[in-house]
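Structure first, then comments.
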Amino acid sequence: MKTIKWGIIGCGDVCEIKSGPAFYKCENSELIAVMRRDAEKAKDFAKRHNVVQWYDNADELINNPDIDVVYVATPPSSHAEYTIKALQAGKPVYVEKPMAVDYAECTKMLDAAKNSNQKLWVAYYRRSLPYFIKVKELIEQGTIGKIQTVNTLFFRPPEKQDLKSEDNTWRIKKEIAGGGYFYDMAPHTIDIIQFIIENIIDAKGLTSNVSKLYQVEDTVSAAFLFETGITGSGLWNYASSPSAKKDVTEIFGDKGSIRFASFSFTPIELITNEGTKYFDIPAPQHIQQPMIQSIVDELLGKGKCPSSGKSGAHTSWVIDKIMGYN
């Protein structure tokens, strides 16, 4: 069986535990090269993860003939640039979420994949996790009957780095992230809701900067419409009080409801007239490993990754609709 050899562009924090080790722990998979603009940090990552090659130039990694697939794990502002370069070099790409800073850039990435006849996947890895697959199974088994509506709530107090502008993370710099924490985090929820139910075909939103801690939005409310006429709503607050912390999505049917969390992996609650059942399914150590394994399997002709460039771009389209960008 062939071994799929990976190269990473942007071996930063997300690669330490969430994704990086998965590339060499998955079956028939090997991590052979990493890149970061800071050469010393790239070298350090490579040494700690036993990676043979490291670079401070993305083009050199992309053009390495030994690399089969490129993982782009930089901030969103460079996703399109690196993804398109790798695709044009004849390499399939697995790119972090959100897919790009806006839907327009996503379409350019899709065009590049089509024109180069290469695969493109997006790191909406919840689609491969047993926790969310269980929610989807419960829905499909009819445990709550016909779906009527969906509601999601996510409240989080400000992070320490939000309190001083000089400490602000790139995630709240529009020119790098595309928006604020909503654009960074909410796509996970929007994407997994669509995976569990069906695609959203229209969305509207209102945004505000309530805390005035930084320049981008910290509060977002939204309404959305699914393909079959199901409606949904969401409220996100990234400047709440600590006591108001909340991470819950509830899907309502005519026979009950299902509650689950996007990030905290609290037990899934199935609520019907018969009572409440709980399903406690923890996240894996390397949360992206099931998704990465699905990509390896697809490349080897043994399966299919559930998060394509097309589905990733559609999630960006929904986010842009909520933000009023299109």
Report summary line: In this structure, CG of Asn237 is separated from OG1 of Thr219 (nearest 0.5 Å) by 4.0 Å
**Report entry** Listed once per pair and sorted, the ring-ring contact (aromatic ring centres under 6.0 Å, His included) pairs that draw on residues 127-150, sequence neighbours left out
**Finding:** Tyr131-Phe265, Phe132-Phe265
**Report entry** Tyr325-Tyr103 aromatic ring centre distance below 6.0 Å
**Finding:** no
Report task. Drop me the distance from Thr315's OG1 to Asp191's CG, to the nearest 0.5 angstrom. Result -> 3.5 Å
Requested in this report: Would you please test Tyr183 and Glu217 for side chain to side chain donor-acceptor pair (under 3.5 Å) and show each step?
Outcome: CA-CA 9 Å; Tyr183 207 84; Glu217 72 288 335; over 6 Å; no
Report task. Count the heavy atoms of every other residue, nucleotide or ligand shown that sit under 6.0 Å from NZ of Lys212, and state whether that count exceeds 12. Result -> yes
Query raised in the report: Would you say the side chain of Leu270 lies within less than 4.5 Å of the side chain of Ile144, judging by non-hydrogen atoms?
Result: yes
**Report entry** Distance (rounded to the nearest 0.5 Å) between Glu159 CD and Leu213 CG
**Finding:** 11.5 Å
**Report entry** Residue Glu175 excluded, over 12 heavy atoms near CD under 6.0 Å
**Finding:** yes
Query raised in the report: Could you give the distance from CD1 (Ile32) to CD1 (Ile8), rounded to the nearest 0.5 Å?
Result: 11.0 Å
Requested in this report: For residues Ile197 and Ile230, determine if any side-chain heavy atom of one lies less than 4.5 Å from a side-chain heavy atom of the other.
Outcome: yes
Query raised in the report: Is there a side-chain contact between Trp6 and Ile67 (heavy atoms, below 4.5 Å)?
Result: no
Query raised in the report: More than 12 heavy atoms of other residues, nucleotides or ligands under 6.0 Å from CD of Glu198: is that the case?
Result: yes
Requested in this report: Decide if atom CD of Gln215 counts as having more than 12 heavy atoms of other residues, nucleotides or ligands within a radius under 6.0 Å.
Outcome: no
Requested in this report: Report the relative orientation of the aromatic rings in His188 and Phe263; use parallel for angles under 30°, tilted for 30 to 60°, perpendicular for over 60°.
Outcome: perpendicular
Query - Ion pair check, Lys321 and Asp202, cut-off under 4.0 Å - result: yes
Query - Rounded distance (nearest 0.5 Å) linking atom CD of Glu105 with atom CD of Glu81 - result: 10.0 Å
Query raised in the report: Has Lys136 got more than 12 heavy atoms of other residues, nucleotides or ligands less than 6.0 Å from its NZ?
Result: yes
Query raised in the report: Would you say Leu129 and Pro284 make side-chain contact, with heavy atoms under 4.5 Å?
Result: yes
Report summary line: Those residues at least two apart in sequence (or on a different chain) that pass side chain to side chain contact (heavy atoms under 4.5 Å, CB included) with Arg171 are Thr169, Tyr181, Asp184
Report summary line: Residues pairing under ring-ring contact (aromatic ring centres under 6.0 Å, His included) where one sits in residues 271-316, two or more places apart or in two chains, turn out to be His314-Trp317
Report task. Kindly check if the number of other-residue, nucleotide or ligand heavy atoms within 6.0 Å of NZ (Lys97) is above 12? Result -> yes
Query raised in the report: Are more than 12 heavy atoms from other residues, nucleotides or ligands located less than 6.0 Å from atom CG of Asp254?
Result: yes
Report task. Would you check if Lys108 and Ile84 make a side-chain contact, meaning some heavy-atom pair closer than 4.5 Å? Result -> yes
Query raised in the report: With the threshold set at 4.0 Å, does a side-chain nitrogen-carboxylate oxygen contact exist between Lys277 and Glu269?
Result: no
